[in-house]
Chemist: 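Before anything else, here's the structure in question.
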Amino acid sequence: MKNIKKIKAKFITLPLRRKIIISIMLVAVLLIFIAWISMEFIISHNLINEINNAKLANAKDIAERSRDFILTKDAAKLTELYFDEKEQKEDIAYIVFYDEKGKIVAHNLLDSKKEDLHRHVWTDKSSRSSIISFRRFMDKPVWAIDIPIIEENVYIGTLCIGFYKEYIDVVLNRIRLLAIGLLCIGAIITFFLSLFLTRIIVEPIEKIAETARKIGKGELKIRIKAQTKDEIGMLAEEFNNMAKNLQERDRKLTESAKEIKISSKKLSNRVDELERFHRLIVGREIKMIELKKEIKRLKSKRENE
Amino acid sequence: MKSRNIIIITIVLMILLLLLVLRTERREIREEDSLRNGIYENEMVIGSSSALTGHAGYLGTQTLHGALAYINYINENGGVHGRNITLISYDDQYDPPQTVYNTQKLIIEDNVFLLFNYVGTPTSVKVIKMVEEARIPLIGLFTGAHALREPLSRYIINIRASYYQETEKIIDYMINELGIKDIAVFYQYDAYGFDGLRGVDIALNKYGLHSVATGSYLRGTLSIENALEKIKNSGAEAVVMIGTYNPLAKFVKLARSRGFDPYFHSVSFVGPYEFAAGLGNETDKVFVTQVVPPYIEKKNFPVLDEYEQLLSKYYPDDMPNFVSLEGFINAKVLVEGLRRAGGDIDRRKFIDALESIESFDIGIPDSLVTFSKTDHQGMDNVFITEIEEGKFVLTKQVK
């Protein structure tokens, strides 16, 4: 919880640009993860079942084509058929036909003696139904399919076919790699897209911020060119209006300041005049007082005389 | 800077993921496991699958006799580096599935060192993939099939000239010496026949020509009538034939009995003596291209003397013939390869030794055996022969 709060706090302090990129990438990663899980689910449940069925169908087809030669006990034709199958399908590990006594009649291998094949190929000799299992054949995992050959309710033998699992794994892994590749490409595209979108979103805001800074410094004539009609465009418009108003106010203030200056000057002149007048009056008053004093002195003198 | 780092890391991760392609390889037989199969202290075991019975039984039997005549001689004289050569031979009756079965048996049950003396195109072509998978040499095939030459296989070593070379030789002769341009093709409906047909097309194409008609028959049958009718109606002046002795002999005789008398030609695989025997009196205007010289020319070809002596020693009931001569020559080249590979032989060394053979004289002047890493056909000579008094002679104009 503490960590989450820390991360949240750190996130909040990040620049807007980085916030947006991180947000978009987080959503993209989440979607990729969900897509990956879904794909694995589809592969493991659906695709593998389909491959299972396809291999079984393949094996049954080989069994059907072998039937005539099995019934005529034509080991040479069976051997030829099985080698031809191996040539055409790279994922065939082995095809071995056992007769009803468990003896190998034909197979398509070139480095295994018949006694060795017994150990590796056919394990459940009692079964009379098709079996699909995984086992190891000469150190490699194989999809082993055993198909009993029944003719008119009589058991003739069992055809054992092994498909290398690695060929199927290769296909599955190629699908996975393709998916990973596509998801990675998607992630890269998302990343660049997020950079592009972030630029589109954040640049106008940054311009507004820059303009606000300049306005703050006193450049009131600056205007933002509103390139969008969204909220940011509206914000830019409002900023322009604000700048216009500020500019108007500034002009008025300047004019008022001028008038005040003029009035102030007038007042100052008036004050000077008043002062001069006052000084004049005071001067006159002083002279009057002095005159009065002189008159009184002269009167007094006269009286004394 | 930080954004750039993220981009670089993402791209590198992607590349690493893409490079993580899980490659699977089909389980391959490790060459080291089988290099010295069939090699023992005093013996080396080789294997053969050929037509010893059936409609092509003559071919397999005679090539085998010719080869064994020389091998027995070598064994009687100490073998090769002290080892006798034992040849295990199975009959495939010229049937490809049987060839596959026999080959598998030779490789994993009999553990042979190499495969030798296979007869026929559809049979030999069937085992190409097996030979390459098992990494076992296959040498001395009695067939001139193109598929056994191209693409080049390290493990397949041909000694004789190809059908393409045979058909080219006869087409050149027919057009330049006989002035014939209307040429039809009668062929066995299988890989062997298709190969010969293709060879004729290529040879005719050199002159801006095409075959005037083609007809075929199924392998193992004598159903040649439909093909004959078609070719007869084309008015062909010559018919190039790719098949075996019985159907081809029947074709020629039936054609003549119906008043259709062009020149006839067959490639070497026909089984010349059996073919000649089947023709009876109808041997005029019949050519057979050979990849070995006719026995009658033995004074000019020292190998024929050696061959005659050894054949009469080991197979006194056999008359000298082209087929067993070819088997004989195959064995000579085989032994030369074994000798050059040395006492500490393995399959790899054997093939390297064969590839080192240059201008090896087997007793056919102007036709020295040469191999290389890019050439796995030892000889290129083609002889045009015709039948005179029951014997094959070199055609006079090309002598």
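Here the structure is a predicted model, which means the values were calculated and not measured. To find a chain, count down the sequence lines: A is the first, B the second, and so on, and within it residues start at 1.
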Chemist: Just wondering, are more than 12 heavy atoms of other shown residues or ligands nearer than 6.0 Å to OH in Y189(B)?
Modeler: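 Result for OH/Y189(B): open.
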
Chemist: Just so I know, are the side chains of K129(B) and K86(A) near enough to count as touching, which here means a heavy-atom distance under 4.5 Å?
Modeler: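 SC-SC contact between K129(B) and K86(A) ruled out.
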
Chemist: Quick one: NZ on K105(B) to OG1 on T79(A), what's the gap to the nearest 0.5 Å?
Modeler: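 So the gap between those two atoms works out to 11.5 Å.
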
Chemist: Which atom pair, heavy atoms only, marks the closest approach of V100(B) to F83(A)?
Modeler: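 It is CG1-CD1, 3.5 Å.
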
Chemist: Do other residues, nucleotides or ligands put more than 12 heavy atoms under 6.0 Å from the CZ atom of R199(A)?
Modeler: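 It does not: R199(A) CZ has 12 such atoms or fewer within range.
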
Chemist: Any chance you could measure E132(B), atom CD, to L110(A), atom CG, to the nearest 0.5 Å?
Modeler: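 With rounding to 0.5 Å, CD (E132(B)) is 12.0 Å from CG (L110(A)).
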
Chemist: Is the shortest heavy-atom distance from the side chain of D84(A) to the side chain of K126(B) under 4.5 Å?
Modeler: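 D84(A) reaches K126(B) side chain to side chain.
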
Chemist: Answer yes or no: does atom CZ of F134(A) have more than 12 heavy-atom neighbours from other residues, nucleotides or ligands under 6.0 Å?
Modeler: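 For F134(A), atom CZ is crowded (more than 12 foreign heavy atoms under 6.0 Å).
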
Chemist: Crowded around N49(A) CG? As in, over 12 foreign heavy atoms under 6.0 Å?
Modeler: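 Buried by this count: over 12 neighbours within 6.0 Å.
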
Chemist: More than 12 heavy atoms of other residues, nucleotides or ligands under 6.0 Å from NZ of K60(A): yes or no?
Modeler: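 Open: at most 12 neighbouring heavy atoms sit under 6.0 Å from NZ of K60(A).
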
Chemist: Measuring only between side-chain heavy atoms, which start at C-beta, is H107(A) closer than 4.5 Å to Q104(B)?
Modeler: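 Contact flag for H107(A)/Q104(B) side chains = yes.
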
Chemist: If I take atom OG1 from residue T103(B) and atom CD from residue E80(A), how far apart are they, to the nearest 0.5 angstrom?
Modeler: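 Between atom OG1 of T103(B) and atom CD of E80(A) there are 11.0 Å.
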
Chemist: Return yes when atom CZ of R198(B) has more than 12 non-hydrogen atoms of other residues, nucleotides or ligands closer than 6.0 Å, and no otherwise.
Modeler: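 No, the 6.0 Å shell around CZ holds no more than 12 heavy atoms from other groups.
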
Chemist: Quick check for you: to the nearest 0.5 Å, what is the distance between Q98(B) atom CD and D74(A) atom CG?
Modeler: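 Q98(B) CD to D74(A) CG: 7.5 Å, rounded to 0.5 Å.
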
Chemist: Quick one: pull up CG in L109(A) and CD1 in I107(B) and give me the separation to the nearest 0.5 Å.
Modeler: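 Reported value, rounded in 0.5 Å steps: 11.5 Å.
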
Chemist: Which atom names give the shortest non-hydrogen contact between A75(A) and Y101(B), and what distance separates them?
Modeler: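 Closest approach of A75(A) to Y101(B): CB-CE1, 3.6 Å.
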
Chemist: Would you say Y40(B) has more than 12 foreign heavy atoms packed within less than 6.0 Å of its OH?
Modeler: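 Enclosed.
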
